[in-house]
Amino acid sequence: MSTIRRAAQLLAGRTQILVFTGAGISTESGIPDFRGPNGVWTRVDPNEFTINRYLANPETRRRSWRTRAESGVLEARPNDAHRAVVDLWRAGRMIGCVTQNIDGLHQRAGLPGGDVVELHGNAHRTVCVACGARMATSAALERVVAGDDDPACRDCGGILKTDVVFFGEMLPDGATERAFDLATRCDAVLAVGSTLSVYPAAYVPMEALKTGSHLVIVNQGPTEMDDLATVRIEGPAGTVLPDLVAAVTA
Ligand code: NAD
């Protein structure tokens with residue numbers, strides 16, 4: 001039996017599926033992942049992205065804004081995998097979606113914001129680290145493109161940063177609690193496009209396993225939890241997920 005059919009049989013009767021996503025669900029939307037074969041870490045040093053460096057070093061901030069402007073994250077469109085998650089939700093099979101992604105593509109595909117927990121923030125928002133003022137990242141990037149390459153807060157002069165979790169930062173208030181609550185109440189986890197190696201995020205599927213849930217993994221390449229999965233499907237999310245969701249909801 002194919003792995004998709006085995007996973008569909010496992011998920012078929014369930015109504016509390018927790019979808020847990022990583023950068024791999026968005027590569028088919030043109031956003032590179034971090035740890036895949038063409039991932040960002042094959043070209044860029046992760047140590048550049050610590051919060052301490054960002055706050056201390058204007059040159060790091062300039063590079064960070066330039067990278068954000070060139071990344072294409074803000075312009076990206078959802079792909080068939082994001083749309084398949086929405087189909088699963090519309091069929092009444094999901095308890096929610098916990099994502100490590102910062103691209104907002106689940107919501108853009110049609111998943112209600114209240115059903116998405118963004119563990120690592122959202123790149124569409126920018127905040128002032130001093131006064132907490134918020135603005136659209138597109139507005140900050142307009143200033144960067146116009147030559148203000150390390151834009152300061154217009155209210156207080158503080159340092160601006162996109163509202164995403166840098167290395168060395170805490171996860172957003174409430175996000176961990178909501179994610180763990182879903183993990184303890186779900187009846188299966190469908191993990192898509194993640195190496196399941198970034199902590200504390202990866203504690204979420206771990207917690208679900210501890211409370212007796214099954215784990216289905218859809219990924220290209222190995223993950224840290226392959227041995228713990230009931231079914232592991234190797235393949236591109238944009239092809240696998242629509243087939244899987246169609247089989248689950250048939
Ligand atoms: P990761 O980079 O560690 O792993 C991604 C996994 O997805 C890899 O195993 C890769 O081979 C696989 N993959 C790539 N394309 C795929 C496809 N089309 N179908 C199925 N699998 C595919 O990603 P992660 O586990 O999410 O951790 C990386 C961290 O980077 C996260 O914390 C996340 O916040 C951040 N990140 C986010 C984005 C985004 O928002 N789109 C992009 C890059 C990194």
Side-chain angles (χ1 to χ4, degrees), residues 3-4 7 19-51 64 67-68 70-85 97-109 111 116-125 137 162-172 175-176 179 189-206 215-226 229 231-245:
T3 49
I4 292 186
V19 175
F20 180 86
T21 61
I25 197 171
S26 296
T27 55
E28 290 166 80
S29 293
I31 307 172
D33 59 20
F34 279 174
R35 292 171 185 76
N38 303 311
V40 171
W41 296 155
T42 60
R43 301 185 300 277
V44 176
D45 178 2
N47 292 321
E48 267 293 293
F49 291 84
T50 65
I51 186 64
S64 178
T67 307
R68 181 67 68 213
E70 291 160 7
S71 71
V73 168
L74 301 186
E75 297 79 31
R77 297 267 168 258
N79 64 53
D80 287 344
H82 299 102
R83 285 187 280 275
V85 175
C97 175
V98 173
T99 188
Q100 298 167 87
N101 293 344
I102 55 164
D103 54 33
L105 289 181
H106 286 298
Q107 297 91 317
R108 206 170 253 205
L111 214 54
V116 183
V117 180
E118 293 176 314
L119 288 176
H120 295 161
N122 187 313
H124 290 268
R125 288 188 306 264
T137 299
T162 48
D163 195 8
V164 304
V165 176
F166 282 42
F167 290 119
E169 275 195 296
M170 305 283 286
L171 301 197
T176 317
V189 178
L190 175 57
V192 185
S194 175
T195 50
L196 302 174
S197 66
V198 175
Y199 288 88
Y203 286 127
V204 173
M206 277 294 197
L215 172 64
V216 173
I217 293 177
V218 176
N219 203 58
Q220 273 181 320
T223 82
E224 296 284 307
M225 295 190 196
D226 286 349
V231 186
R232 185 195 182 290
I233 306 171
E234 171 71 33
T239 309
V240 171
L241 268 200
D243 287 352
L244 176 59
V245 169

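For the single chain, residues carry numbers from 1 onward in sequence order. Both ligands and their constituent atoms are indexed starting at 1 by order of listing. Not measured: the values here are computed from a predicted model.
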**Report entry** Met225: side-chain contact (heavy atoms from CB on, under 4.5 Å) partners, not counting sequence neighbours
**Finding:** Leu196, Tyr199, Ala202, Pro205, Met206, Leu215, Ile217, Thr223, Leu228
Report task. From atom 42 (C) of ligand 1, work out which of Gly30, Gly238, Pro32 has a heavy atom at the shortest distance. Result -> Pro32
Query raised in the report: Under a 4.0 Å heavy-atom limit, does Glu28 contact ligand 1 with its side chain, its backbone, both, or neither?
Result: side chain
Query raised in the report: Is there any N or O on Ala237 that sits under 3.5 Å from an N or O of ligand 1?
Result: yes
Query raised in the report: Does some non-hydrogen atom of Gly221 fall short of 4.0 Å from ligand 1?
Result: no
Query raised in the report: Can you list the residues that meet the salt bridge (charged side-chain N to carboxylate O under 4.0 Å, His left out) rule with Arg108, with sequence neighbours excluded?
Result: none
Query raised in the report: With a 4.0 Å heavy-atom cut-off (strictly under), which part of Val198 contacts ligand 1: side chain, backbone, both or neither?
Result: side chain
**Report entry** Top protein contact for atom 9 (O) of ligand 1, by heavy-atom distance
**Finding:** Asn219 ND2, 2.9 Å
Requested in this report: Please write down residue, atom name and distance for the protein heavy atom closest to atom 4 (O) of ligand 1.
Outcome: Thr195 CG2, 3.3 Å
**Report entry** Any N or O of Val218 closer than 3.5 Å to N or O of ligand 1
**Finding:** no
Query raised in the report: In Å, rounded to the nearest 0.5 Å, how long is the span from CD1 of Ile102 to CD of Glu118?
Result: 9.5 Å
Report task. Before signing off on this row, confirm whether Pro222 and ligand 1 have an N or O atom pair separated by under 3.5 Å. Result -> no
Query raised in the report: At under 4.0 Å between heavy atoms, which part of Gln220 makes contact with ligand 1: side chain, backbone, both or neither?
Result: both
Query raised in the report: At the 4.0 Å heavy-atom cut-off, does Ala201 count as touching ligand 1?
Result: no
Query - Polar proximity ligand 1 side, Phe34 side, N/O cut 3.5 Å exclusive - result: yes
